[in-house]
Every structure is written in C-alpha cells, then in structure tokens.
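Note sheet for the following structure.
Everything numeric here is computed off the predicted structure, so don't read it as measured data. By convention in this document, chain letters (A, B, ...) are assigned in the order of the sequence lines, proteins followed by strands, and residues within each chain are numbered from 1.
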There are 2 protein chains.
Amino acid sequence: MNSQDVILGLLMHHSLSGYDIKHKMETILSYFNNASFGTIYPTLSKMEKDGLITKESVIQEGRPNKNLYSITEGGKLQFKKYMYSPIEDNEFKSDAMTRLFFGEFVEAAIMVGVLEEYLVRTKVNMERLRKLYVDCQPDMSPTQEICIQIGINNSESQILTLTEGIARLKNVKEK
Amino acid sequence: MNSQDVILGLLMHHSLSGYDIKHKMETILSYFNNASFGTIYPTLSKMEKDGLITKESVIQEGRPNKNLYSITEGGKLQFKKYMYSPIEDNEFKSDAMTRLFFGEFVEAAIMVGVLEEYLVRTKVNMERLRKLYVDCQPDMSPTQEICIQIGINNSESQILTLTEGIARLKNVKEK
DNA sequence: ATACTCATGTAAATCGTTACATGATTTT
DNA sequence: AAAATCATGTAACGATTTACATGAGTAT
C-alpha cells in the first residue's frame, strides 16, 4: 500500500483536488494514514501520466483555480487490484514508547513527564475521533464504522493503561 | 527519533553486535520500532566514525567473527540529549484499516476476509507479547512493563472490536 | 538434503518529509 | 494588521527497505 492506492480509494467516491485529498488525509484518514503535499502533488502527476486519473482545471471565483482529478476505468482496475492483493502488516513507530523502554537510564520524573504527555496526546486524539464519529456516522459504511471504533477503543484502552502506569510509577517513587 | 537513538539506548545496557541489535529489534522492540540490517550496519559505521561507539572484533569458535560495539561517553551524552528532546508523535500506517475504509467498493465477503485476517494477526501478536512478558518480567524496568502492557491491552481491545465488527458485518449480510 | 542460525556488508531503489516559492481571499 | 484558508508545485534531503553477495556450522 502506498499513497497512490489511498488516492485511488478517495477518488472512487468523487473527483477531488490535491488540496481536498490532503484535507481528507488529515481528518478521516489520519488515524492510519498520512501524506504531505510533497507526496500528493507529484503522485497525482504520475497517476495522470499513467492514465489512472484525468485532470480538469476548474476556475473558481474568489479562490485560486484548482485541478480536479477523476478516476478512469484503468484507475478503477488498479484500485481493485490493490484491494485483492495480500494485506501488508501494520507499521507502527512510537517515540514515546521508545523512551519508556529506555527509561531506566534517566530520572523517574522525566518518565512521569513522558507518560503524562503521551496520555494527553492520546486523549486529544480520542476526542477528535469521537467527534468525527458523531459528525460522520450517518455517512459511514459499516466497515468505516469498524475502522473508527478500532481507533476509539484502542485509544480508550491506552488511556487506562497509561493512567494506571502513572499511578504505579508515582507510588514506586514515594516508597 | 531515528535508528541511531534506538541503537544508543540498546548499547546503554551492554555491548552488542549488529546481529544482536537486529535480534533485539525483532523481539523486545518490535511492537514500536523496527530496523533492517541495511539500516543497522551503515548506522553503526557512521556512529563509530562520529565517536559515539567503539568497535571491537571478537573471534568466536564454531561461529563467524563478530564486531562488538560499545557506547562511549560521547554516545551517552547523545543518548541523554535524545531522552530530553521534545517527544515526536507516533507514526502509524495500517493497510488493513485502509482496506476497511474503502470497503464499500468491493464485495462484503472480501471485507469479512480482511477483518478475519486482521483478527488473526492481532491475536498472534498479542500471544507473542504475552509470552515475552512472562519470560522477561523479572528483568523489566517499571517503564518497560508499562510499554508491554500498552501493547497487550491495545491488542486485547482490538481483538474485541474486530470480533464484534465481524459479527455485525455477517448479520448485515444475512438480512 | 534442507533449512535455519550466526554473521557482515553494499548498492539500488523506493518512499517520503521539509522547506521553499507564490499569491489571493477571508476571518479574527 | 495578522493569521488562517484556499491552492499548486519543486528541490533538496533523509531514512529505510530490498536484494544481492558470502560463508561456516547446526539442527531436522
């Protein structure tokens, strides 16, 4: 799975500009995907060159013109090919957890700080997902609902584990 | 956080070869980090050149010679610098969840397949973490315990969400 | 016989981010 | 007046993976 596959999936619904795609990446897809403009625009150019999408310039009033991209039959075929290919493993990299792992080499207070910061970030993310769920639920497909539930439930579980961990660490310190 | 920071952390405990580092990455660190030999060996060379670590050739019987790397005072300083720097956000990319998100464009049976495959992989990973916890608990620091508990609890939560999701999808299909 | 473990390393390719460049309109 | 939104694009850089190359010893 690369950025091209995700863009194809987004264009299956309706035509979008590069800017629109970036917005979707940051909101509905951000829990399990991400891409910067530096990836999106060159990828769209390549996809057009390869005949997977077509470009249409749209002149707007009071706003810059935009390039609206639409998926072609070839693009739909490529999307299907992706959806039927073997599933790749998740990729996960956590700086906060890496620090926790090496925590014994710095003062305990620093580790409490890492845990509290990680807890706050997890809470912020959970709230964002919860709000997204409330706002989008009527338009969501059954599998999209499962997706966001995974995000919300995993965040909740992590909040519990971190809260317990902080309490335990602080207890150890007091003893 | 990059591979260098993780390698420094591993060498804080005791000297290791590139092969040893790869092994640690695959077992105790794999839940939130990963690196291939193609990253590890060139990184070790660069770190030696930069004076963060020193190399010692160890001749072994019945096994190939190995290069044992040890952290220097400069390396320890660099490690501290990392541990006190601002925490970076987690990176997460999920092919399985991406497919679920775009599930409406393929048959429901394919999505049940994705969910079941994702469930199996989550279960396998949870079992691996549970076993690791049992095997390593006596040697684990308090923050390392929190780390692995995050992994185990998040896996458990995901197993529940996926199981419920599968049941719901199958129900929808029957109706 | 075959596969796995131990052990190191390079080169090509892939993939992606960050920073820069530009600029109008709208909101605070 | 400043910041945010809308909008596209490139160039330099960074990080990492995959595949290749080599080879002995051990376990099945």
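- Of all heavy-atom pairs spanning B/Met111 and B/Arg99, the tightest one is SD-O, 3.6 Å.
- Atom CZ of residue A/Phe79 and atom CD1 of residue A/Ile71 lie 7.5 Å apart, to the nearest 0.5 angstrom.
- Heavy atoms of A/Ser45 sit nowhere under 4.0 angstrom from any nucleic acid atom.
- Shown here for B/Leu129 and B/Gly151, the closest heavy-atom pair between the two residues is CD1-C, 3.7 Å.
- Rounded to whole Å, atom P of C/dC15 lies 11 Å from atom CD of A/Glu91.
- A salt bridge between B/Asp20 and B/Lys24 is absent, with no side-chain N of the basic residue lying under 4.0 Å from a carboxylate O of the acidic one.
- At the heavy-atom level, B/Lys93 lies under 4.0 Å from the strands shown only through sugar-phosphate atoms.
- Ring-plane geometry between A/Phe37 and A/Tyr19 is classed as parallel, the angle between the planes falling under 30 degrees on a 0 to 90 degree scale with a further cut at 60.
- We find that CD1 of B/Ile21 is positioned 13 Å from C1' of C/dA7, with the value rounded to whole Å.
- Residues B/Asn65 and A/Ser3 both approach DNA chain C. Their nearest nucleotides, taken by heavy-atom distance, put B/Asn65 toward the 5′ side.
- Look at B/Lys123 and B/Glu127 and you find no salt bridge, because none of the NZ, NE, NH1 or NH2 atoms lies under 4.0 Å from a carboxylate O.
- Nearest heavy-atom pair, A/Ile7 versus A/Leu44, reported as atom, atom and distance to 0.1 Å: CG2-CD2, 3.9 Å.
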Would you list the protein and nucleotides 24-28 of chain C atom pairs, both N or O, that sit under 3.5 Å from each other?
from	atom 1	to	atom 2	distance (Å)
C/dT25	O3'	A/Gly62	O	3.4

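- Summarising the geometry, the separation between OH on B/Tyr41 and C1' on D/dA19 is reported as 16 Å, rounded to the nearest angstrom.
- Here B/Gln60 reaches the OP1 or OP2 of C/dA7: one of its side-chain N or O atoms lies under 4.0 Å away.
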Heteroatom pairs (N/O) under 3.5 angstrom, protein to nucleotides 17-22 of chain C:
from	atom 1	to	atom 2	distance (Å)
C/dT17	OP2	A/Ser36	N	3.2
C/dT17	OP2	A/Ser36	OG	2.9
C/dT17	OP2	A/Thr39	OG1	2.6

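- As a whole-Å value, the separation of B/Met1 CE from D/dG14 P is 18 Å.
- When rounded to the nearest whole Å, the span between CG of B/Asn67 and P of C/dT10 equals 11 Å.
- Taking the six-membered ring for Trp and thresholds of 30 and 60 degrees, A/Phe92 and B/Phe92 have ring planes more than 60 degrees apart, a perpendicular arrangement.
- Hydrophobic clustering of Ile, Leu, Val, Met, Phe, Trp and Tyr side chains at less than 4.5 Å, counting indirect connections, keeps A/Phe105 apart from B/Leu77.
- As rounded to whole Å, 11 Å separates atom P of D/dA7 from atom NE2 of A/His23.
- As rounded to whole Å, 20 Å separates atom P of D/dT22 from atom OH of B/Tyr19.
- In this structure, B/Ile7 atom CD1 and D/dA15 atom C1' are separated by 13 Å, rounded to whole Å.
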